Amino acid sequence: MWHGSSTANPTQLKVSFVSFAGWRPFWGQYWILDVGEDYEYALVGTADRKYGWILAREPELPTEALERLFTQLADQGYDPA
């Protein structure tokens with residue numbers, strides 16, 4: 001469930017994937033690091049740079065796009081491994 005983003009910083013959002021009878025005790029904050037020109041992918045990470053994800057509309061992205069996204073993760077302090 002998407003909770004919303006800050007109007008001061010729209011690249012941050014708060015998400016909960018767990019619900020107990022409508023109560024959501026666990027929330028995670030995520031940063032949107034990059035989005036494809038046609039929204040074909042989103043690069044998302046946690047503020048502590050412990051986790052980063054490449055989310056894509058298709059099962060596979062072109063190799064050059066993946067290499068660029070992994071480089072972006074590394075440049076921002078994430079471990080692409």
Side-chain angles (χ1 to χ4, degrees):
M1 174 183 187
W2 177 78
H3 184 263
S5 65
S6 164
T7 55
N9 192 347
T11 61
Q12 297 179 12
L13 52 94
K14 194 169 152 183
V15 180
S16 175
F17 297 104
V18 177
S19 175
F20 299 104
W23 176 59
R24 296 185 177 277
F26 306 108
W27 291 90
Q29 284 207 260
Y30 300 92
W31 291 0
I32 307 302
L33 305 170
D34 191 15
V35 177
E37 189 173 311
D38 295 320
Y39 298 97
E40 67 276 17
Y41 69 83
L43 191 60
V44 180
T46 57
D48 62 5
R49 292 175 171 75
K50 186 173 181 181
Y51 300 104
W53 298 273
I54 298 170
L55 308 175
R57 291 185 181 268
E58 300 295 326
E60 293 184 25
L61 287 172
T63 302
E64 62 276 359
L66 280 175
E67 288 173 357
R68 185 177 48 77
L69 292 169
F70 280 123
T71 298
Q72 266 188 275
L73 283 172
D75 288 349
Q76 294 189 41
Y78 293 86
D79 178 3

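These numbers were taken from a predicted model, which means no experiment stands behind them. The basis for the numbers below is simple: all heavy atoms, side chains too, and nothing from hydrogens, waters or symmetry mates.
- Between Pro25 and Val18, the shortest heavy-atom contact is CD-O, 4.2 Å.
- Here the CD atom belonging to Glu40 is positioned 10.0 Å from the CD atom belonging to Glu58, to the nearest 0.5 angstrom.
- Rounding to the nearest 0.5 Å places CG of Asp34 at 6.0 Å from CZ of Arg68.
- The hydrophobic cluster containing Phe70 does not contain Leu55, counting ILVMFWY residues as joined when their side-chain heavy atoms lie under 4.5 angstrom apart, directly or transitively.
- In this structure, Val44 is a member of the same hydrophobic cluster as Val35, with clusters built from ILVMFWY side-chain heavy atoms closer than 4.5 Å.
- Trp53 and Trp31 fall into different hydrophobic clusters, where Ile, Leu, Val, Met, Phe, Trp and Tyr residues are linked whenever their side-chain heavy atoms come under 4.5 Å apart, directly or through other members.
- Under a hydrophobic-cluster definition in which Ile, Leu, Val, Met, Phe, Trp and Tyr are linked whenever side-chain heavy atoms come within less than 4.5 Å, directly or via other members, Leu73 and Leu61 are assigned to the same cluster.
- Nearest heavy atoms, Tyr51 versus Asp48: N-OD1, 4.4 Å.
- Closest approach of Asp38 and Arg57 over heavy atoms only: O-NE, 4.5 Å.
- For the pair Tyr78 and Leu33, the tightest heavy-atom approach, listed with the atom from each and the gap, is CE1-CD1, 3.7 Å.
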